[in-house]
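Every number for a ligand or one of its atoms is a count from 1 in the order of the listing.
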Amino acid sequence: MDSHTNDLYPTRLERPVESFDRLDPVVHSTGRQRTDGPLSAVELAQYERDGFLVFDRFIDETTVQRFREDLRSYEQDTSVLNSEGTITEPAKQEIRSIFGIHEVSDRFDRLIRDPEIVDMVQQLLGSDVYIHQSRINYKPGFHGKGFDWHSDFETWHAEDGMPRMRSVSFSITLTDNTPFNGPLMLVPGSHKTFIPCVGRTPEDNYRSSLKKQDLGVPSDTELDRMIDQHGITAPTGPAGSLIIFECNTLHGSNANMSPWPRSNLFFVYNSVENQLEKPFCGNRPRPDFLGNRTRTEALKPDRNQRITRTA
Ligand code: 6CS
Ligand code: FE
């Protein structure tokens with residue numbers, strides 16, 4: 001018996017079909033859970049409108065510096081370099097991404113349990129939550145390639161079997177994000193529309209898609225229409241800033257032609273009520289470091305520790 005609920009967001013199709021309005025709320029909490037969380041009513045309204053929020057200097061420079069030292073150590077650590085979750089830049093040896101980072105390092109694991117962050121996530125997703133995926137994108141100077149425009153949810157739905165839009169990414173900049181080193185670019189308001197993509201997903205697509213994504217990239221026509229309507233925002237700011245973006249918000253980034261790395265940390269939270277099913281594209285499930293299926297119990301915030309929050 002097919003374990004699938006019906007597929008509300010068909011994608012990776014034979015031929016183009018019209019995009020359509022999302023079928024899920026943007027902010028899932030109601031009542032006290034909505035009003036009593038760390039995000040104000042204004043911030044929630046902005047998140048519902050734009051599909052992302054930006055907080056400069058969310059983490060202090062000393063703490064960010066320690067994270068950066070961790071990154072440097074990974075570049076010399078053969079167990080990290082040889083792990084399946086470590087992705088190099090196309091045709092280069094530079095690290096592009098390290099997935100499952102919260103399982104590699106206690107410091108990163110503490111971050112995902114920071115009480116203020118977990119309270120924000122529960123306010124947005126309206127339930128207990130767990131980590132779907134974590135990663136560092138290194139984007140080294142001169143050689144860091146970009147990421148084509150995409151909706152993470154489109155990939156997580158097709159290739160990980162994520163049923164509904166009830167997931168959110170927290171990204172912390174570990175280096176300054178400037179106009180020159182390939183900052184994350186987002187299309188405000190794009191989270192409200194689901195854009196089905198064309199193209200059958202080959203088995204083990206992730207072995208190439210994490211280096212260069214060819215599938216699940218909306219057509220130029222759709223991108224032109226969406227960006228014409230909403231524009232592009234590229235939050236730049238100091239290391240330690242926080243970008244929260246909804247799972248269906250279109251985003252991407254340019255290659256880094258500057259000498260300065262653009263290293264960002266990403267933690268993706270999913271609602272415990274939105275657990276992964278069989279991939280909707282019909283393939284085998286991806287490895288746990290991409291779509292976690294085994295540690296999906298409710299994440300407990302550690303209220304005895306705080307990742308320093310700049311007042
Ligand atoms: O396939 C994925 O899960 C990854 N790909 C991209 C371009 N963004 C989300 C995620 O890291
Ligand atoms: Fe992405």
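- In terms of protein heavy-atom proximity, atom 6 (C) of ligand 1 is closest to H150 NE2, 3.6 Å.
- Ring planes of Y74 and F108: tilted class, angle from 30 to 60°.
- Here is the list of ligand 1 atoms found below 4.0 Å of a heavy atom in F99: 11 (O).
- Not a single heavy atom of F266 sits under 4.0 Å from any atom of ligand 1.
- We find that R12 and E159 are joined by a salt bridge, their nearest charged nitrogen and carboxylate oxygen being less than 4.0 Å apart.
- Residue contacts with ligand 1 leave out E159, since none of its heavy atoms falls under 4.0 Å from the ligand.
- Ranking the protein heavy atoms by distance from atom 1 (O) of ligand 1 puts R286 NH1, 3.0 Å first.
- Residue T155 has no N or O atom closer than 3.5 Å to an N or O atom of ligand 1.
- Using a 30° and 60° split on the angle between ring planes, Y9 and F20 fall in the parallel class, below 30°.
- Note: F289 and Y206 have perpendicular aromatic rings, judged against thresholds of 30 and 60 degrees for the angle between ring planes.
- Closest approach between the Fe ion (ligand 2) and any N/O/S atom of D152 involves OD1.
- When only interatomic distances are considered, the shortest N/O to N/O separation between R135 and ligand 1 falls below 3.5 Å.
- F194 does not carry R22 over the face of its six-membered ring by the limits of under 6.0 Å from the centre and within 45° of the normal.
- Closest to atom 8 (N) of ligand 1, if we only count protein heavy atoms, is D152 OD1, 3.0 Å.
- At least one N or O atom of Q133, backbone or side chain, sits closer than 3.5 Å to an N or O atom of ligand 1.
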_Applying side chain to side chain donor-acceptor pair (under 3.5 Å) to S97 and N137, what does each step give before you reach the verdict?_
CA-CA 4 Å; S97 305; N137 284 348; 2.7 Å; yes

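- Side-chain contact annotation: S151 with N248, donor-acceptor N/O pair under 3.5 Å present.
- Using a non-hydrogen distance threshold of 4.0 Å, L210 registers as a contact of ligand 1.
- For S19 (side chain) and T193 (main-chain N/O), no donor-acceptor pair under 3.5 Å exists by modelled atom type.
- By the 3.5 Å distance cut-off applied to N or O atoms, Q213 is not counted among the residues near ligand 1.
- Atom NE2 is the N/O/S atom of H251 found closest to the Fe ion (ligand 2).
- Under a 4.0 angstrom heavy-atom cut-off, Y206 registers as lying outside contact with ligand 1.
- Placement of V118 and I59 within a single hydrophobic cluster is found when ILVMFWY residues are connected by side-chain heavy-atom separations under 4.5 Å, directly or transitively.
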